[in-house]
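Data first, discussion second: the structure below is written as structure tokens.
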Number of protein chains: 2
Amino acid sequence: MATMKDIAREASVSVATVSMVLNNKPNSRISKHKREEIERLARKLNYQPNFAAISLSKQQSLNIALIVPDITNPFFSLLTKEIDLSLEKDGYSTIFVDSNNSFQNEKKAIESMVSRGVDGIILVPSNEFFRVDQAQRKQLIANLDKPFILLNAYPNDLDVSYVNFDNVNGAYIATQELIDKGHREIAFIQGQTGFVNAAERLAGYQQALRDHHLAIKPQNLFMGDYSVQSGYELASTITQRKDITAILSSNDLMLFGMIKWAKMHHIDVLHQYAMIGFDNDPYSEILEVPLTSVDQRPKAMIEEALAILLERIGNDHPVNKHALIKPELIKRASVFAPVPTSE
Amino acid sequence: MATMKDIAREASVSVATVSMVLNNKPNSRISKHKREEIERLARKLNYQPNFAAISLSKQQSLNIALIVPDITNPFFSLLTKEIDLSLEKDGYSTIFVDSNNSFQNEKKAIESMVSRGVDGIILVPSNEFFRVDQAQRKQLIANLDKPFILLNAYPNDLDVSYVNFDNVNGAYIATQELIDKGHREIAFIQGQTGFVNAAERLAGYQQALRDHHLAIKPQNLFMGDYSVQSGYELASTITQRKDITAILSSNDLMLFGMIKWAKMHHIDVLHQYAMIGFDNDPYSEILEVPLTSVDQRPKAMIEEALAILLERIGNDHPVNKHALIKPELIKRASVFAPVPTSE
DNA sequence: TTGAAAGCGCTAACAT
DNA sequence: ATGTTAGCGCTTTCAA
């Protein structure tokens with residue numbers, strides 16, 4: 001692997017000169033002749049800069065850490081793709097970490113990434129992140145003097161930059177859509193307390209009911225954890241409730257779980273309940289009855305997030321910024337007027 | 001950020017001593033007293049090693065590059081997760097690149113990763129990778145003196161380490177399963193020529209037919225490109241062929257596309273054709289008729305791949321190794337005896 | 001216009 | 001048992 005030293009020797013100039021030329025430093029004009037000679041040699045020797053050396057010298061790595069809870073979740077993989085593609089355009093590489101839904105892993109990852117000298121950290125927090133003691137969470141962030149942004153969460157108790165999707169509004173418009181179709185008994189499958197964005201979605205659901213003068217019934221609330229499995233487990237309970245005509249789920253996956261359960265028990269849940277999920281999972285479309293879903297507009301989210309992060313990397317006067325992305329309801333066949341129960 | 005220098009100063013020892021202690025170098029025993037003092041200070045100052053410095057000095061980065069064609073593809077995101085989790089245990093970080101299915105991007109990524117001094121490169125090749133001129137492909141690999149492994153492909157014309165799933169056998173056992181159930185006219189949706197693993201799957205399908213003395217009919221071959229969209233587009237042609245009773249698809253996604261089309265046209269494709277896909281996509285389970293699928297055992301694949309790669313990183317006598325992972329047929333409800341056509 | 005030299009933080013061979 | 005030194009490849013200030 002050729003170094004600047006090699007080029008310098010062959011061109012009979014100093015390493016400093018080579019550095020200037022290869023970095024197009026404008027301030028000092030190097031004679032056209034030498035410049036061309038150096039560039040020629042660089043090409044000939046297939047010179048590739050050594051990033052470790054640049055990092056050490058400039059104290060910047062052109063690496064951004066991205067920590068996500070679970071890359072197999074389609075929502076997170078979409079975020080990851082957009083982030084990677086976008087960062088690449090700006091010359092950054094993505095150091096990827098799957099925290100596997102563990103706060104301990106997130107903590108280890110952040111520390112490791114700081115040590116690795118990344119220029120910035122994007123954390124898409126796990127559910128555990130908001131369930132551990134506030135003190136732990138605060139400490140993690142406080143000790144961090146790296147450009148940092150939280151993606152896909154409201155950090156109620158943290159003073160950081162963040163970008164989130166407007167979950168309150170998302171749940172609100174979804175609930176409203178169901179109400180408009182004539183539904184009065186709308187089940188809500190919530191994420192567990194402390195789960196990312198769970199409280200906001202619940203709030204939006206409740207607010208919509210309130211605004212339409214509908215009662216908020218505790219028995220219409222079901223507790224899941226965003227997993228297919230939890231939807232599967234809730235299915236028998238929900239399908240026993242014959243008064244319910246519509247289901248709003250905090251994500252698509254739990255509806256998938258419920259559908260799976262119903263399939264196994266030969267219950268036609270898809271035509272019985274109007275349904276709306278969150279995430280606009282690509283698979284929502286290929287179901288027997290394609291699912292209406294609240295799209296979180298991941299592209300818009302990461303656009304905002306990267307703008308904030310990269311701007312923060314430039315000027316080091318830590319000003320935390322926030323953005324909330326407007327939701328979009330993707331309407332498909334799963335929302336219809338209430339189906340009268342056969343009992 | 002505290003450095004070894006800071007610790008050395010406070011402990012009144014040399015940087016070298018600090019380095020020895022903090023790296024637990026066994027050869028030279030440092031006095032217990034100093035050792036403890038140094039460790040105490042490291043903790044107190046919250047010392048974190050500077051990876052750029054280590055990289056530069058040791059010529060190793062503890063970074064592994066992972067290049068995948070499209071992280072939103074569930075098969076690739078599963079691979080990515082397993083790789084990341086596993087590498088982390090070995091102290092490596094994953095530099096992630098989504099090549100977005102472009103050979104140019106793969107090329108750029110490999111060059112950039114070499115420049116970044118990664119210790120090894122895992123390439124899950126795009127389809128384009130095997131469609132560009134062999135010369136380009138060869139050159140890319142030849143110029144590479146980094147530990148490198150190709151994952152999820154047969155590099156017919158390349159001398160590299162690789163790990164792949166046994167596609168021939170996978171297609172064979174799937175076809176056999178259909179034949180065993182009584183199917184004689186089995187459509188095969190192939191990936192385009194030159195696409196990763198496409199030829200092998202076709203070969204396995206044909207071999208199974210041959211071994212069961214069934215004719216290989218060109219009109220039973222349909223050309224897709226692994227995308228949902230291509231399955232969608234093939235659906236109308238396939239469903240017109242009333243003699244066909246079963247469909248083997250080179251992946252699950254194309255079946256999803258076909259199912260989607262059928263849904264929109266109110267054709268009950270799921271009960272009309274026995275179906276088998278590849279990838280064992282998690283969503284196969286939640287379909288109206290859960291899909292039988294050939295599981296590529298991604299965990300086993302990455303286990304082999306990382307073993308080969310990491311071993312290669314240690315001793316630098318480039319010996320290319322290969323592994324082929326045995327397939328597993330996950331049987332679900334989509335395989336049944338031929339359904340007589342209504343016409 | 002160009003070069004010399006110091007320094008980024010750490011490692012490792014060699015001295016002591 | 002511990003320190004000195006050179007060096008990894010590059011950037012940047014200062015001098016010439």
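Numbered from 1 within each chain, the chains take letters A, B, ... in sequence-line order.
Residues passing the side chain to side chain donor-acceptor pair (under 3.5 Å) test with A/S77: none are found, sequence neighbours excluded. For A/K81, the side chain to side chain donor-acceptor pair (under 3.5 Å) partners are B/D70, B/D98, B/N100, not counting sequence neighbours. Remark: A/A2 engages A/D6, A/L45 in a side-chain contact (heavy atoms from CB on, under 4.5 Å) (not counting sequence neighbours). With sequence neighbours excluded, no residue forms a salt bridge (charged side-chain N to carboxylate O under 4.0 Å, His left out) with A/K58. Judged as a side-chain contact (heavy atoms from CB on, under 4.5 Å), and not counting sequence neighbours, the contacts of A/P147 are A/L309, A/R312, A/I313. Contacts of B/N63 classified as side chain to side chain donor-acceptor pair (under 3.5 Å), with partners at least two apart in sequence or in another chain: none. Every residue two or more places apart in sequence or in another chain that forms a side-chain contact (heavy atoms from CB on, under 4.5 Å) with A/E88 is listed here: B/K108.
Legend: salt bridge (charged side-chain N to carboxylate O under 4.0 Å, His left out) pairs involving residues 146-159 of chain A, not counting sequence neighbours, sorted by first then second residue: A/R137-A/D157. Pairs engaging residues 40-52 of chain A under the side-chain hydrogen bond (donor to acceptor under 3.5 Å, both in side chains) rule: A/E37-A/R40 [sequence neighbours left out].
Between B/K34 and B/K58, the one whose closest nucleotide on DNA chain D sits nearer the 5' end is B/K34. Between B/Q59 and B/S12, the one whose closest nucleotide on DNA chain D sits nearer the 5' end is B/S12.
One atom, CD1 of B/I7, and another, C1' of C/dG9, lie 12 Å apart when rounded to the nearest Å. One can place CG of B/N23 at 11 Å from C1' of C/dA12, the figure rounded to the nearest angstrom. The distance from atom CG of A/N24 to atom P of D/dT11 is 12 Å, rounded to the nearest whole Å. The interatomic distance linking B/L45 (CG) with C/dG9 (P) rounds to 14 Å, in whole Å. The separation between B/I38 atom CD1 and D/dG3 atom P is 8 Å, rounded to whole Å. To the nearest angstrom, P of C/dT1 lies 13 Å from CE of A/M20. Between the CE atom of A/M4 and the C1' atom of D/dC8 there is a distance of 14 Å, given to the nearest Å. Look at CG on B/D6: it is 11 Å from P on C/dC8, rounded to the nearest Å.
Using a 4.0 Å cut-off on heavy atoms, the residues of residues 49-57 of chain A that approach DNA chain D are A/P49, A/N50, A/A53, A/I54, A/S57, listed by number.
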Which atom pairs link the protein and nucleotides 4-6 of chain D when you take only N or O atoms and keep those under 3.5 Å?
none

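A donor-acceptor contact under 3.5 angstrom links the side chains of B/S126 and B/E106, judged on distance only.
A salt bridge between B/E304 and B/K321 is absent, with no side-chain N of the basic residue lying under 4.0 Å from a carboxylate O of the acidic one.
Between B/S19 and C/dT11 there is a side-chain polar atom (N or O) within less than 4.0 angstrom of OP1 or OP2.
Helix bend of the helix from C/dT1-D/dA16 to C/dT16-D/dA1: the angle between its two end axes, each built from five pairs, comes to 50° after rounding to 10°.
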